[in-house]
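Here's the structure, in structure tokens; my notes come after.
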Amino acid sequence: MSQAAPAQGVRLVVVHPDKEVLAQAAAARLLTRVLDVQSVRSPVHVVLTGGTVGIATLAAVAASPLVPAVDWSGVHLWWGDERFLPDGDPDRNETQAREALLDVLVAEHGLPEANVHPMPGPSSVATPEEGAAAYAAVLAEHAGSSDGGVGVPAFDVLLLGMGPDGHVASLFPGHEGLSAQGTTTGVHGSPKPPPERVSLTFDAIRAAREVWVVAAGAEKAERVAAALAGDPVAEVPAAGAVGQARTLWLLDTEAAAPTPAPAK
Ligand SMILES: O=C1O[C@H](COP(=O)(O)O)[C@@H](O)[C@H](O)[C@H]1O
């Protein structure tokens, strides 16, 4: 739990004027990244996130004229975390992503349903641990021999939102999930509802070629600054979210604002 922030790849911080522009820009980046990767290899593996900017980004992808430029039959979609709720629950990250983007990609743009890999919930497994184990098995099936032996595909982009407490995926400050072994973990007692969740571990997150953290709003500014300063991962989990080749922080001006020093 006393991990220092790991250093990997290049880190870039990009600041946009507001949350809407941030989501539009993240969507444009995501489509361009998928197109670029598709010009050199297939399949492309993208990890989705829940959260306000994460879902707004997917909605912005759906509205982009570039959607038909992607060969969606060669794209696999994963999740960084999921709230342990029944299929179709409006609070599931999967449900929100399907409504914002995936339904239209499957219906109109050739994304095979088999390429959509939601994390299991209580509709199919009894506990978050069972869900985590089932998801780890699916990830391992798609991990290639050149994927570093971690047991996940080498994700081309792994999107993460960040909560005001600095959590990423469902890895919360001070929680045991921060030091979980393997590629996935069951989560209990999440400070943000619902209490039960399934999450990728840091080992899985750090295997990604690119990690993109998207965050907007003044309530995130203090933890953004702490993560970028390399505060301990146990206190600011976002500090531990780094990609093999590149880590992008995509922020709005409020989330990027320097936080005032505490009053003396
Ligand atoms: O519960 C979650 O919260 C985070 C951040 O959400 P936000 O609304 O503060 O942006 C999200 O990244 C995560 O996937 C989700 O399960």
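When a ligand or atom number is given, it counts from 1 through the structure's own listing order.
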With heavy-atom distances below 4.0 Å as the criterion, list the atoms of ligand 1 near Gly161.
12 (O)
Can Glu82 be said to touch ligand 1, with heavy atoms closer than 4.0 Å?
no
Does a donor on one side chain sit under 3.5 Å from an acceptor on the other, for Glu176 and His188?
no
Go through the structure and list residues passing ring pair (Phe, Tyr, Trp, His ring centres under 6.0 Å) with His142, not counting sequence neighbours.
His76, Trp78, His117
Can you find an N/O atom of Gly163 closer than 3.5 Å to an N/O atom of ligand 1?
no
Is the backbone of Met162 close enough, under 3.5 Å, to the side chain of Lys220 for a donor and an acceptor to pair up by distance?
yes
salt_bridge(Glu82, Arg197) N-O dist < 4.0 Å
no
Strictly under 4.0 Å, does any heavy atom of Asn93 approach an atom of ligand 1?
yes
With sequence neighbours excluded, residues passing side chain to side chain donor-acceptor pair (under 3.5 Å) with Glu210:
Trp212, Arg246
In terms of side-chain heavy atoms, does Asp81 have a donor or acceptor partner in Ser199 at a distance below 3.5 Å?
no
Look at atom 8 (O) of ligand 1 and say which protein heavy atom is nearest, naming residue and atom and giving the distance to 0.1 Å.
Thr52 N, 3.1 Å
Less than 3.5 Å apart, any donor N or O on the side chain of Arg11 or Thr247 sitting next to an acceptor on the other?
no
Can you list the ligand 1 atoms lying under 4.0 Å from a non-hydrogen atom of Gly50?
11 (C), 12 (O), 14 (O)
To which protein heavy atom is atom 9 (O) of ligand 1 closest, and what is the distance rounded to 0.1 Å?
Lys220 NZ, 2.9 Å
Please write down residue, atom name and distance for the protein heavy atom closest to atom 14 (O) of ligand 1.
Asp81 OD1, 2.6 Å
When distances are taken from atom 3 (O) of ligand 1, the protein heavy atom at minimum range is Lys192 NZ, 2.8 Å
Does any donor atom in the side chain of Asp71 or Ser73 lie under 3.5 Å from an acceptor atom in the other side chain?
yes
Can you confirm, on distance only, whether ligand 1 has an N/O atom lying under 3.5 Å from any N/O atom belonging to Arg197?
yes
Looking only at protein heavy atoms, what sits closest to atom 4 (C) of ligand 1 is His167 NE2, 3.2 Å
Heavy-atom nearest neighbour in the protein, as seen from atom 15 (C) of ligand 1, with distance rounded to 0.1 Å
Arg83 NH2, 3.3 Å
